Number of protein chains: 2
Amino acid sequence: MAQKNKLQFIILGLLNQQPLTGYDLTKAFDNEIGEFWQAQHSQIYPQLKRLEDQGYITHEVTISGAKLEKKLYHITATGAQLLHTWISDGTPDLTATKDEFILKLYFIRTSRDPRLVPMLYEQRRLHTDKLAHLQARLKMVFPTKASQTENYGHYLILQHAIGREAYYVNWLQQTLLAIPKAR
Amino acid sequence: MAQKNKLQFIILGLLNQQPLTGYDLTKAFDNEIGEFWQAQHSQIYPQLKRLEDQGYITHEVTISGAKLEKKLYHITATGAQLLHTWISDGTPDLTATKDEFILKLYFIRTSRDPRLVPMLYEQRRLHTDKLAHLQARLKMVFPTKASQTENYGHYLILQHAIGREAYYVNWLQQTLLAIPKAR
DNA sequence: TTAAAACATGTCATTAATTACACGTTTTAA
DNA sequence: TTAAAACGTGTAATTAATGACATGTTTTAA
């Protein structure tokens, strides 16, 4: 079942909150949703066309300034229904995380491999930075209890991502400590 | 830089351990390496041809039984060099995990959404099963201290995957407990 | 002995995704 | 005032990946 085109559901999910242009949707992937999903505008515009052909969204043209045409997309009732169905349906496939570092590690045969320790150091630095970044985001996006309740799912996944990174950093640390001091 | 064709490196990594046929490589994705990376034979055979065209591998034909031809692939010196370079090079891109459940969660706005609790239960069941599966694998594949040392990288990533799943299950559990009892 | 399962190797069609190409408008700051 | 940055919408070429199509051999177990 391939990647099952999740982009269509992300677009529907975002349009379900408010009408947006293709450009707005593209920006959304640079901001919050970009933390855990990526898409380029070259993928978004054709997908908008397909969703509209299928009747899941519609658009109205608005003029910005003197003549710049913007297409503001709205979700339709059937689109909202499709979104609801997707969320309600089971999610039984735990997609294996394609982590390139983990893949490389698989080919390291012994703890004496000189490439191992530098690899672990690099990853510890990267994941420590990522953790700090996510913690800063949580503080910025959800500063109050009320804000957490207002957008509960988003709050949960940010929290989850922080916990995941914290685990990753901790595992790297423990692994570094467990490696015999060479020679 | 797209997906950067990691399959080629996986093939090189496996051939670096011992000569294998396309079929053997396909099987490897059903077993150990399949825990964290997927590939079908329809992707593997063309990739073998490309790697051979580029001089990174060669093959010899052997006859199995009366006339069944098997192509046994070997890594070349330049292939081994390419593999080494890939492993030694930095791995600075932390690929965002495309977890469909997390994506759905993003669109859940409040803790009273009736879809939320069933979703969390399903994921808890799935990740609990996955955790048990990985723990069983660890016991089976690495029963002794010696076996862990013999294939250290593989041991590390299995351990890592177990820790990751344990964290996931724990987070789901905590999240379920934190949700107000409705109504 | 015979049928199913496993072994073995390929191609083709389609979809998903990235990068690059392409064009034009509006706003903002030097 | 003018140039850069941001806004805004598309297409084309290429690559990666899946699922289906296609064919044949060998081994194993009923």
Side-chain angles (χ1 to χ4, degrees), chain A residues 1-11 14-15 19-31 33-34 36-54 57 59-73 93 95-98 100 103, chain B residues 1-11 14-15 19-31 33-34 36-54 57 59-73 93 95-98 100 103:
Chain A
M1 207 171 282
Q3 196 75 326
K4 267 257 351 195
N5 191 7
K6 277 146 205 162
L7 177 61
Q8 63 180 318
F9 299 117
I10 300 175
I11 291 175
L14 292 170
L15 293 185
L20 296 168
T21 65
Y23 189 81
D24 294 332
L25 287 164
T26 303
K27 289 288 111 175
F29 284 94
D30 295 340
N31 304 318
I33 208 164
F36 56 96
W37 214 275
Q38 289 77 46
Q40 281 71 42
H41 77 278
S42 59
Q43 216 187 333
I44 290 167
Y45 287 107
Q47 185 65 63
L48 283 169
K49 190 171 279 179
R50 277 195 297 276
L51 284 168
E52 187 159 37
D53 288 347
Q54 294 169 304
I57 61 176
H59 80 268
E60 55 171 321
V61 175
T62 65
I63 303 293
S64 189
K67 57 174 170 177
L68 182 60
E69 294 195 351
K70 293 205 285 186
K71 293 186 181 176
L72 199 60
Y73 286 92
D93 298 322
T95 40
T97 39
K98 296 202 164 183
E100 189 172 6
L103 187 56
Chain B
M1 206 171 284
Q3 197 74 325
K4 266 255 358 197
N5 191 6
K6 279 146 205 163
L7 177 61
Q8 64 181 317
F9 300 117
I10 299 175
I11 291 175
L14 292 170
L15 294 184
L20 296 168
T21 66
Y23 189 80
D24 294 332
L25 287 163
T26 303
K27 289 289 113 177
F29 284 92
D30 294 340
N31 304 319
I33 209 164
F36 55 95
W37 214 274
Q38 289 77 45
Q40 281 71 43
H41 76 278
S42 58
Q43 215 188 333
I44 291 167
Y45 287 107
Q47 184 66 64
L48 283 169
K49 189 171 279 180
R50 277 195 297 275
L51 284 169
E52 187 159 38
D53 288 346
Q54 295 169 305
I57 60 176
H59 80 267
E60 55 172 321
V61 175
T62 64
I63 302 293
S64 189
K67 57 175 170 174
L68 182 61
E69 294 195 350
K70 295 205 286 187
K71 293 185 180 176
L72 199 61
Y73 286 92
D93 298 323
T95 41
T97 40
K98 297 202 166 183
E100 191 174 4
L103 188 55

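Only a predicted model underlies this, so the values are computations on that prediction, with no experimental measurement involved.
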Looking at [X], does any N or O in its side chain come under 4.0 Å of the phosphate oxygens OP1/OP2 on [N]?
X     : N      : result
B/K27 : C/dA6  : no
A/Q43 : C/dT18 : yes
A/Y45 : D/dT9  : yes
A/K6  : C/dA16 : no
B/Y23 : C/dC7  : yes

Using whole Å, report how far [atom1] of [X] lies from [atom2] of [N].
X     : N      : atom1 : atom2 : result
B/L20 : C/dA8  : CG    : C1'   : 14 Å
A/I11 : C/dA16 : CD1   : P     : 12 Å
A/E69 : D/dC7  : CD    : C1'   : 14 Å
A/D30 : C/dT18 : CG    : P     : 13 Å
B/Q38 : D/dA16 : CD    : C1'   : 14 Å
B/K70 : C/dA6  : NZ    : C1'   : 12 Å
A/Q8  : C/dT15 : CD    : C1'   : 12 Å
A/N5  : D/dT18 : CG    : C1'   : 14 Å

First locate atom [atom1] of [X], then atom [atom2] of [Y], and finally report the distance between them rounded to the nearest 0.5 Å.
X     : Y     : atom1 : atom2 : answer
A/T26 : A/N31 : OG1   : CG    : 11.0 Å
B/I33 : B/L14 : CD1   : CG    : 4.5 Å
B/K71 : B/D24 : NZ    : CG    : 14.5 Å
B/L7  : B/Q40 : CG    : CD    : 10.0 Å

> Applying a 3.5 Å limit to both distances, which nucleotide forms a Watson-Crick or G-U wobble pair with D/dA30?
Replying inline: C/dT1
> Across all strands shown, which nucleotide pairs with D/dC21 by Watson-Crick or G-U wobble geometry, both distances under 3.5 Å?
Replying inline: C/dG10
>> Can you work out whether B/G22 or A/S42 has the more 5'-proximal nearest nucleotide on DNA chain C?
In response: B/G22
> Does a salt bridge link A/D30 with A/K27, judged by any charged N lying under 4.0 Å from a carboxylate O?
Replying inline: yes
> Which nucleotides of nucleotides 22-30 of chain C have their base under 4.0 Å from a protein heavy atom (B), which only their sugar-phosphate (S), and which neither (-), written as one string 5' to 3'?
Replying inline: --BSS----
> Can you tell if the side chain of A/L103 reaches within under 4.5 Å of the side chain of B/F9, non-hydrogen atoms only?
Replying inline: no
> Any sub-3.5 Å donor-acceptor pair from B/T95's side-chain atoms to A/K98's backbone N or O?
Replying inline: yes
